[in-house]
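The chains referred to below are lettered A, B, ... by the order of the sequence lines, with proteins before strands, and numbering in each begins at 1. All values below were derived from every heavy atom in this structure, side-chain atoms included, with hydrogens, water molecules and symmetry-related copies excluded. From a predicted model like this one, the values you see are computed outputs, not experimental measurements.
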Amino acid sequence: MEENKKTCLHDKHVALGALMSPFGGFDMPIQYEGIIEEHNAVRNACGIFDVSHMGEVFISGPQADAYVNYIFTNDILSVEPGQCLYGMMLHEHGGTVDDLLVYKRNSNDYLLVINASNIDKDVAWIMKNAEGYDVVIDHRSDELGEIAVQGPLAEEIVQKVLGLSLSHLSFYTFGEFTIYGDKPAIISRTGYTGEDGFEIYTDHESTRRLWDELLAAGAKPCGLGCRDTLRFEVGLPLYGDELDDDITPVESGLSMFVKVDKPEFIGREAIIKQKEEGPKKKVVGLEILDRAIARHGAEVLDADDNVIGTVTTGYRGISVDKSIAMALIDARFAARDTQLKVRVRRKVFPAVVIAKKFYKKSYKK
Amino acid sequence: MSKIYYAETHEYIRVEGNEGYVGITDYAQKALGNVVYVDMPEVGDEFEAGDDFGAIESVKAASDLICPASGEVVEVNDALVDNPRLINEDAMKNWIIKISISDEAELDDLMDLEAYEKYLESNPH
């Protein structure tokens, strides 16, 4: 079996006593003190995450504008340099290759940030589809570290540690900075928690120094455990749960990130057809009317006990004190307030369809 | 007089007469972290030693509860329904189910406290 990779901060997680577990091909920290404590630190103060396992692919060259817009569902030509866009890469049939952030550094100069678990698949897919385009594809996942600094105190702490002014960065924009004398860093006002915050990309050495300095400034180390509870409570999808090769963004409720008005991108025809016909399945929010927790894979049943879908993510909420879940179900049952059931092991519990934004985001505008 | 036996899957059974109180060990509650739900069987359910009799859930994951001895459930700890965190407060006091033990000889397959502590030392998780 192939050994899991380690990020440039791995030894620091072990020294902090983190519970380590494989994720996306990496040995990653799941929690340090505890998921609930770390979750609350991000909602109320500031938490930092090692997200160096994420992949970074730079695409430049005379046809980079055209090429990135061809493989990406959102419209990168509609925004200025310094803007980030969320969207997907799709298969011809509309299923999702990956969901990603695209950083527009300049015209014909992009950074694509992709999921760790999909790096090999995505890079192969990006290379294959670049045939005939005059572009340079520079895969730099192994050279760059990434730290996410999240929570209402994130701006104050990052500014203090790096001696930079970041208040001008609005949500989903980024800047290119020089830190620690001569080290280039990309800092974006983005995240995956529903809170204000930043994601900082720089080399391994600077990432290590930054991690220590953020901790010293009072940020709490946070693992992937609370990263999942935080993103789930604000209804953000995780690839492998709410999106995958056979789930389209329309089914996952992410149509707004698929610009079918663009003349061409891979998967466009399938998405147009699905929007016209209406999706057969949809990702919905569920409240379980019991303390039981319906986790990934649990069956969702209609009133007559027919299986109509499965749970994609489920938790006892932390900021929301309820048992809640996202589930991919037959679209005929997707209307709000529809009474359904979930099977958890050998018992069946009542559930009701609710909005999947269980907790209100507090982004800086 | 009661005697407590321990299973390799980190359940205990505190035996009083021919009845046993089954719960999870302090080591197990620490490893799980905040308990948010305990899935318990019904009174009258019968289990063999080694059967799943329910599950215990932390924020992150569900863990099966394994019955350390065969028997019939005579009581479930209803206090855990609304307050599952009692297990984090005192796992030995807050048992999950009480069973009538059908085969006392099975208890010999379990560990006493000294053996369980040695087992924890030799099996770091």
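Both the backbone and the side chain of A:Arg291 come within less than 4.5 Å of a heavy atom of chain B. Contacts of B:Val38 with chain A are absent, with no heavy-atom separation under 4.5 Å from either backbone or side chain. Both the backbone and the side chain of B:Ala62 have a heavy atom closer than 4.5 Å to some heavy atom of chain A. In this structure, chain B has a heavy atom under 4.5 Å from the side chain of A:Ile35, while its backbone stays farther away. Proximity to chain B is limited to the side chain of A:Glu37, based on heavy atoms less than 4.5 angstrom apart. For A:Leu19, no part sits under 4.5 Å from any heavy atom of chain B, backbone or side chain.
Listed options A:Gln31, A:Arg345, A:His296 were ranked by heavy-atom pairs under 4.5 angstrom with chain B; first place goes to A:Arg345.
Around NZ of B:Lys118, the count of heavy atoms belonging to other residues, nucleotides or ligands within 6.0 Å does not exceed 12. Other residues, nucleotides and ligands place no more than 12 heavy atoms under 6.0 Å from the NZ atom of A:Lys6.
Each of B:Val36, B:Val35, B:Asn34 was checked for a side chain to side chain contact (heavy atoms under 4.5 Å, CB included) with A:Arg316, and the lone residue meeting it is B:Val36.
Counting only heavy atoms from C-beta outward, the side chains of B:Tyr37 and A:Asp290 approach each other to under 4.5 Å. Taking the side chain as every heavy atom from C-beta outward, B:Val59 and A:Ile36 approach each other to under 4.5 Å.
Rounding to the nearest 0.5 Å gives a distance of 7.0 Å between NZ of A:Lys347 and CE of B:Met40.
Residues B:Asp39 and A:Arg346 are paired through a salt bridge, judged by an N-O separation under 4.0 Å between the basic side chain and the carboxylate.
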